[in-house]
Novice: 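Below is one structure. I have some questions about it.
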Amino acid sequence: MPIVLYNSLTRKKEEFVPLVPGRVHIYVCGPTVYSHAHIGHAKSYLSFDMIVRYFRYRGYKVKYVQNITDVGHLTDDADEGEDKILKKAREEKLDPMEIAEYFAWSYFDDMQKLGVLRANIFPRATGHIVEQIDLIQRLLVKGYAYEVNGNIYYDVSRFAGYGKLSGRKVEELDAGARVEINPEKRHPADFALWKKAEPQHLMRWNSPWGEGYPGWHIECSAMSMKYLGETFDIHGGGLDNIFPHHECEIAQSEAASGKPFVRYWLHNNMVTVNGSKMSKSTGNFITIKDALQQFNTPTLRYFIFSSHYRSRLDFSNEALQAARVGLDKLLLTIKNVKKKIDPAGQIKNFHSPFDPSGFRKQFEEMMDDDFNTPRALAVLFELSGEVNSYLNSGLSLHQPFLQTIDQLLRDTAGQVLGLIPEDLLASAEAGRKGDIEKIVQVVIDIRKKLRDHKQYQLADQVRSDLGKVGITLVDKPEGTTFEYQSE
RNA sequence: GGCGCCGUACCCAAGUGGCUAAGGGAGAGGUCUGCAAAACCUCCAUUCGACGGUUCGAAUCCGCCCGGCGCCUCCA
């Protein structure tokens with residue numbers, strides 16, 4: 001079965017056919033590193049993490065490139081105003097590179113905590129000034145760009161395809177434009193490829209047109225083509241980057257190379273807080289660090305995957321709490337399977353109570369359909385119900401069957417969705433024999449004596465006191481076990 | 001002003017022309033249990049913002065209206 005994905009360029013679902021069989025070349029717009037990442041970034045990078053993980057699960061060799069924008073964009077409009085990184089640098093009285101470096105590491109740190117697998121290459125804009133200048137020169141030579149006073153602008157009217165991604169027409173762009181007309185531009189929709197550095201501008205590089213710095217679209221064209229080729233499979237990013245950023249990338253890249261730039265454009269939708277979009281510029285945002293204070297990584301991942309990547313998602317404490325409870329139910333099944341694998345034996349004439357491979361097929365079917373994680377999760381919950389039924393059925397458990405289920409859950413919930421915490425992925429009994437476990441076992445043994453003597457009041461107090469320190473006792477006919485409560 | 005999206009049970013959220021409208025949370029009853037928790041079983045939208053229309057058949061297509069939102073400016 002092929003993977004089908006929604007291509008923003010054609011506005012419909014298309015079968016994914018890689019340029020090179022078995023390989024996926026993907027570029028995702030990374031962050032501008034001038035502040036801590038927020039949960040909107042989390043949705044975006046978690047979505048593409050899931051997509052990349054799924055391609056790998058399906059056997060593709062993925063080359064994943066994500067840029068780090070350390071030049072900074074401009075504060076007010078496309079071509080005027082102050083660079084955000086520079087602004088921060090001035091405020092903090094630091095070198096702009098210190099700002100970029102600090103927040104780049106903050107970003108990497110957040111992503112690691114969210115279980116986002118690293119991209120294969122993280123090119124930085126400041127490390128690719130040469131490539132950007134080269135690309136601008138190609139555009140100048142081909143007549144797609146022009147110079148005015150050390151500034152280079154892209155001539156939108158020369159590129160017939162401008163607007164094909166965002167559905168905009170060049171003629172309509174200036175009507176109702178909120179940007180003041182820049183007299184240097186031939187057309188209001190023209191955009192800067194290179195800006196002359198004013199004397200007070202801190203980040204500056206030599207170029208054939210004097211000292212300056214690159215415009216904010218050119219880095220992605222230069223770096224994606226450098227590492228993935230002039231035509232590559234997938235370009236991803238947030239919906240809010242379609243215009244102007246991605247539209248401009250297409251214009252720059254296709255004008256320079258004369259070839260199609262990207263075959264499939266994927267865009268994730270936004271996170272809202274209290275119904276309105278969260279963004280750095282409005283101050284209406286929750287950082288990933290804040291979110292991680294309250295909720296653990298699997299909960300945040302589960303929450304984000306419980307809606308489709310192309311759907312908007314409203315962040316609220318209630319929704320997160322519901323996510324946590326739901327996820328715990330799924331994780332409990334995974335735990336219970338693990339616990340019972342070792343003691344289980346081989347059953348002669350074993351009749352499978354359900355077909356695990358059917359669940360794997362359904363999971364893949366949902367993921368193949370434009371990465372429909374909400375439906376994929378529904379499949380896992382149905383599987384969980386079947387597994388729990390079997391574990392509780394009182395039948396003797398068949399070890400190979402449990403191993404098949406364990407592997408299925410590891411592949412789907414674990415490898416693809418990244419919902420299984422590290423300690424659960426470890427072997428069933430590993431980490432369970434620590435001192436705390438031994439002590440709790442002693443308490444359980446004493447409590448059993450209390451219960452044998454019908455001293456229930458005291459027995460209940462032991463259970464509730466342990467509950468207060470995060471340990472839940474579970475009484476079963478065959479004895480008492482315990483669980484650590486999730487955060 | 002232009003382009004576009006969304007409105008599905010108490011909450012979150014799939015489904016986009018045809019089996020009984022997924023799944024999770026919350027809620028109700030039951031099994032088990034000294035009690036509790038978990039798990040399991042059962043129940044929980046004749047209905048998909050409103051109104052028209054197309055169709056043998058629509059939550060799904062079309063029109064209009066109401067409500068919410070995104071992009072057009074840096075943004076994931």
Side-chain angles (χ1 to χ4, degrees), chain A residues 11 28-32 34 37-48 69 72-81 83-84 163 166-169 172-180 189 216 236-245 247 267-272 275-282 285 302-303 306-308 310-314 316 318-330 332-333 336 366 372-382 384-385 387-393 451 454-457 459-460 463-464 467 472-477 481 483:
Chain A
R11 292 164 197 249
V28 173
C29 281
T32 303
Y34 66 94
H38 55 62
I39 52 179
H41 295 101
K43 174 165 163 75
S44 187
Y45 300 121
L46 241 26
S47 296
F48 288 104
T69 299
H73 301 323
L74 305 155
T75 43
D76 332 279
D77 60 61
D79 307 311
E80 300 301 324
D83 188 301
K84 282 177 175 171
S166 58
R168 271 163 239 274
K169 295 189 177 72
E172 289 168 359
L173 277 173
D174 47 343
R178 284 182 264 159
V179 184
E180 274 185 49
W216 65 284
L239 212 55
D240 53 352
N241 270 328
I242 290 179
F243 190 88
H245 187 55
E247 195 68 67
H267 292 98
N268 65 278
N269 216 316
M270 305 289 101
V271 173
T272 57
S276 65
K277 185 188 156 188
M278 167 167 62
S279 72
K280 289 182 185 175
S281 54
T282 58
F285 66 89
Y302 173 89
F303 172 66
S306 68
S307 91
H308 192 267
R310 284 192 289 111
S311 296
R312 251 171 247 165
L313 181 61
D314 196 58
S316 72
E318 299 70 45
L320 261 299
Q321 267 151 23
R324 176 167 58 198
V325 178
L327 175 63
D328 279 350
K329 190 175 155 183
L330 199 57
L332 187 68
T333 302
N336 286 338
M366 299 312 164
N372 197 328
T373 51
R375 297 193 69 180
L377 285 170
V379 171
L380 295 185
F381 275 103
E382 277 168 25
S384 164
V387 172
N388 286 331
S389 277
Y390 173 61
L391 293 180
N392 289 357
S393 64
R451 294 173 71 209
K454 301 211 186 297
Q455 301 208 29
Y456 293 123
Q457 201 181 346
D460 287 351
R463 182 170 60 196
S464 91
T472 305
L473 295 190
V474 183
D475 293 327
K476 296 173 190 167
T481 59
E483 305 281 349

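Lettering follows sequence order; numbering is per chain, from 1.
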Novice: Name the pairing partner of A59(B), where a pair is Watson-Crick or G-U wobble with both distances under 3.5 Å, or state none.
Specialist: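 Answer to the pairing question: none, since A59(B) forms no Watson-Crick or G-U pair.
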Novice: Where the side chain of S389(A) is concerned, which of C35(B), C71(B), C40(B) is the nearest nucleotide?
Specialist: C40(B)
Novice: For nucleotides A76(B) and A36(B), find the distance between their C1' atoms and express it as a whole number of Å.
Specialist: 46 Å
Novice: G34(B) pairs with which nucleotide, Watson-Crick or G-U wobble, both distances below 3.5 Å?
Specialist: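 Across all strands, not a single nucleotide pairs with G34(B).
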Novice: Measure across K277(A) and M270(A) and return the closest heavy-atom pair with its distance rounded to 0.1 Å.
Specialist: CE-SD, 4.0 Å
Novice: With a 4.0 Å cut-off on heavy atoms, is T472(A) in touch with a base, just the backbone sugar-phosphate, or nothing at all?
Specialist: nothing
Novice: Could you state the CG-C1' distance from L377(A) to G24(B), rounded to the nearest angstrom?
Specialist: 9 Å
Novice: Can you tell me the distance, in whole Å, between the CZ atom of R312(A) and the C1' atom of A76(B)?
Specialist: 14 Å
Novice: Who does A22(B) pair with, Watson-Crick or G-U, both distances under 3.5 Å?
Specialist: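 By the stated definition (distances under 3.5 Å), nothing pairs with A22(B).
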Novice: Considering every strand and a 4.0 Å limit on heavy-atom distances, what is the contact class for V474(A): base, sugar-phosphate, or nothing?
Specialist: base
Novice: Would you mind reading off the distance between F48(A) atom CZ and A76(B) atom P, rounded to a whole angstrom?
Specialist: 13 Å
Novice: Remember a base hit wins even if backbone is also touched, and classify F303(A) as base, sugar-phosphate or nothing at under 4.0 Å, heavy atoms.
Specialist: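 If one applies the 4.0 Å heavy-atom cut-off, F303(A) turns out to touch nothing in the nucleic acid.
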Novice: Just to be sure I understand the rule, does H308(A) reach a base, reach only the sugar-phosphate, or reach nothing, if contact means heavy atoms closer than 4.0 Å?
Specialist: sugar-phosphate
Novice: Pick the C1' atom in U55(B) and in C41(B), then give their distance to the nearest Å.
Specialist: 41 Å
Novice: Would you say the side chain of R463(A) lies within less than 4.5 Å of the side chain of D475(A), judging by non-hydrogen atoms?
Specialist: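 Sidechains of R463(A) and D475(A): in contact.
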Novice: Looking at S384(A) and L380(A), would you say the former's side chain and the latter's main chain have a donor-acceptor pair under 3.5 Å?
Specialist: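 Between the backbone of L380(A) and the side chain of S384(A) there is no qualifying donor-acceptor contact (under 3.5 Å).
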Novice: Base, sugar-phosphate, or nothing for G467(A), non-hydrogen atoms under 4.0 angstrom?
Specialist: nothing
Novice: Identify the heavy atoms of S311(A) and N269(A) that sit nearest to each other, and give their distance.
Specialist: O-CB, 3.2 Å
Novice: Just to be sure I understand the rule, does Q321(A) reach a base, reach only the sugar-phosphate, or reach nothing, if contact means heavy atoms closer than 4.0 Å?
Specialist: nothing
Novice: Please report the distance, rounded to the nearest Å, between CZ in R375(A) and P in A14(B).
Specialist: 11 Å
Novice: Does K329(A) reach a base, just sugar-phosphate, or nothing at all? Heavy atoms under 4.0 Å.
Specialist: sugar-phosphate
Novice: Roughly how many Å is it from OH in Y302(A) to P in A14(B), rounded to a whole number?
Specialist: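 My rounded result for the distance is 12 Å.
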Novice: Give F381(A) one of three labels, base, sugar-phosphate or nothing, depending on what nucleic acid heavy atoms sit under 4.0 Å from its own.
Specialist: sugar-phosphate
Novice: Counting heavy atoms from C-beta on, name the nucleotide in A76(B), C71(B), G70(B) closest to the side chain of N268(A).
Specialist: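 Per side-chain heavy atoms of N268(A), the pick is A76(B).
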Novice: How far does the P atom of G70(B) sit from the matching atom of U54(B), given to the nearest Å?
Specialist: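 Result for the P pair: 37 Å, nearest Å.
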Novice: Kindly indicate whether the side chain of Y302(A), heavy atoms from C-beta on, has any atom under 4.5 Å from the side chain of L377(A).
Specialist: yes
Novice: For G23(B), does either OP1 or OP2 sit under 4.0 Å from a side-chain N or O belonging to S306(A)?
Specialist: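 No, no such contact exists.
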Novice: Using a heavy-atom cut-off of under 4.0 Å over every strand shown, decide if S311(A) touches base, sugar-phosphate, or nothing.
Specialist: sugar-phosphate
Novice: Contact class for L332(A) vs. all strands (heavy atom < 4.0 Å): base, sugar-phosphate, or nothing?
Specialist: sugar-phosphate
Novice: F243(A) CZ to C75(B) P: how many Å, rounded?
Specialist: 12 Å
Novice: For C69(B), give the paired nucleotide (Watson-Crick: N1-N3 plus N6-O4 or O6-N4; G-U: N1-O2 and O6-N3; both under 3.5 Å), or none.
Specialist: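 G4(B) - that is the nucleotide pairing with C69(B), both distances being under 3.5 Å.
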Novice: Looking at every heavy atom in both H38(A) and F285(A), which two are closest together, and how far apart are they?
Specialist: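 Taking every non-hydrogen atom into account, CB-CD1, 3.6 Å.
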Novice: Contact class for V271(A) (heavy atom, under 4.0 Å): base, sugar-phosphate, or nothing?
Specialist: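 Base contact.
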Novice: What is the distance, to the nearest angstrom, from the CG atom on D314(A) to the C1' atom on C6(B)?
Specialist: 13 Å
Novice: Would you check if Y45(A) stacks with the base of A76(B), given a 5.5 Å centroid limit and a 30° plane limit, both strict?
Specialist: no
Novice: Looking at every strand, decide which applies to A322(A) at a 4.0 Å heavy-atom threshold: base, sugar-phosphate, or nothing.
Specialist: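 Contact class for A322(A): sugar-phosphate only.
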Novice: Report yes if a donor N or O on one partner sits less than 3.5 Å from an acceptor N or O on the other, where the partners are the side chain of R463(A) and the base of C35(B); otherwise report no.
Specialist: yes
Novice: Report the base-pairing partner of A45(B) (Watson-Crick or G-U wobble, both distances below 3.5 angstrom), or none.
Specialist: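 Across any shown strand, A45(B) pairs with none.
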Novice: Taking the C1' atom of each, how far is U8(B) from A45(B), in whole Å?
Specialist: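 It comes out at 8 Å once rounded to the nearest Å.
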Novice: What's the closest nucleotide to the M278(A) side chain, out of C40(B), A76(B), A14(B)?
Specialist: A76(B)
Novice: With respect to the side chain of W216(A), which nucleotide from C72(B), A22(B), C75(B) is positioned closest?
Specialist: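 Closest nucleotide to the W216(A) side chain: C75(B).
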Novice: Going by purine N1 to pyrimidine N3 plus the second Watson-Crick contact, or the G-U wobble pair, all under 3.5 Å, which nucleotide sits opposite A9(B)?
Specialist: none
Novice: State whether the side chain of S44(A) and the backbone N or O of H41(A) hold a donor-acceptor pair below 3.5 Å, judged by distance alone.
Specialist: no
Novice: Can you check whether K169(A) has a side-chain N or O nearer than 4.0 Å to OP1 or OP2 of C3(B)?
Specialist: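 For C3(B), OP1/OP2 do not have a side-chain N/O of K169(A) under 4.0 Å.
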Novice: Looking at D314(A) and F303(A), what are the two nearest heavy atoms and their distance?
Specialist: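 Taking every non-hydrogen atom into account, O-CZ, 3.5 Å.
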Novice: Rounding to an integer number of angstrom, what distance separates A37(B) and G18(B) when you compare their P atoms?
Specialist: 43 Å
Novice: Can you name the closest pair of heavy atoms from S307(A) and T373(A) and give their distance?
Specialist: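 So the two residues come closest at O-OG1, 3.6 Å.
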Novice: Using the P atom as the reference point in each nucleotide, state the distance between G17(B) and U60(B) in Å, no decimals.
Specialist: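 Nearest-Å result for G17(B) against U60(B) at atom P: 11 Å.
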Novice: When the P atoms of C10(B) and A50(B) are considered, how many whole Å apart are they?
Specialist: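 Between the two P atoms, the distance is 13 Å.
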Novice: Applying a 4.0 Å non-hydrogen cut-off, can you work out what N241(A) is touching in the nucleic acid: base, sugar-phosphate, or nothing?
Specialist: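 Sugar-phosphate: the residue N241(A), judged by heavy atoms under 4.0 Å, touches backbone atoms but no base.
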Novice: Counting the atoms with a prime plus P, OP1 and OP2 as sugar-phosphate, which does N269(A) contact under 4.0 Å by heavy atoms, base, sugar-phosphate, or nothing?
Specialist: base
Novice: Could you identify the nucleotide paired to A50(B), looking across every strand shown and requiring Watson-Crick or G-U wobble geometry with both distances under 3.5 Å?
Specialist: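 Partner of A50(B): none found under 3.5 Å.
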Novice: Which of the following nucleotides, G4(B), G2(B), C75(B), is nearest to the side chain of K277(A)?
Specialist: C75(B)
Novice: I want to confirm an ordering. Mapping P374(A) and G30(A) to their closest nucleotides on RNA chain B, which one lands closer to the 5' end?
Specialist: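 So the residue in question is P374(A).
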Novice: So, OP1 or OP2 of C40(B): does either fall under 4.0 Å of a side-chain N or O from N388(A)?
Specialist: yes
Novice: Side chain of D460(A) only, please: which of G2(B), A39(B), G34(B) is the nearest?
Specialist: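 Of the options given, the side chain of D460(A) lies nearest G34(B).
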Novice: On RNA chain B, nearest-nucleotide positions of G385(A) versus L313(A): which is more 5'?
Specialist: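 The answer here is L313(A).
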Novice: Search all heavy atoms of G167(A) against all heavy atoms of E247(A) and return the closest pair with its distance.
Specialist: N-OE1, 4.5 Å
Novice: In whole Å, what separates the P atom of G4(B) from that of C61(B)?
Specialist: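 Approximately 15 Å lies between the P atom of G4(B) and that of C61(B).
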Novice: Mind calculating the distance between CG (D240(A)) and P (G70(B)) to the nearest angstrom?
Specialist: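 In whole Å, G70(B) P and D240(A) CG are 11 Å from each other.
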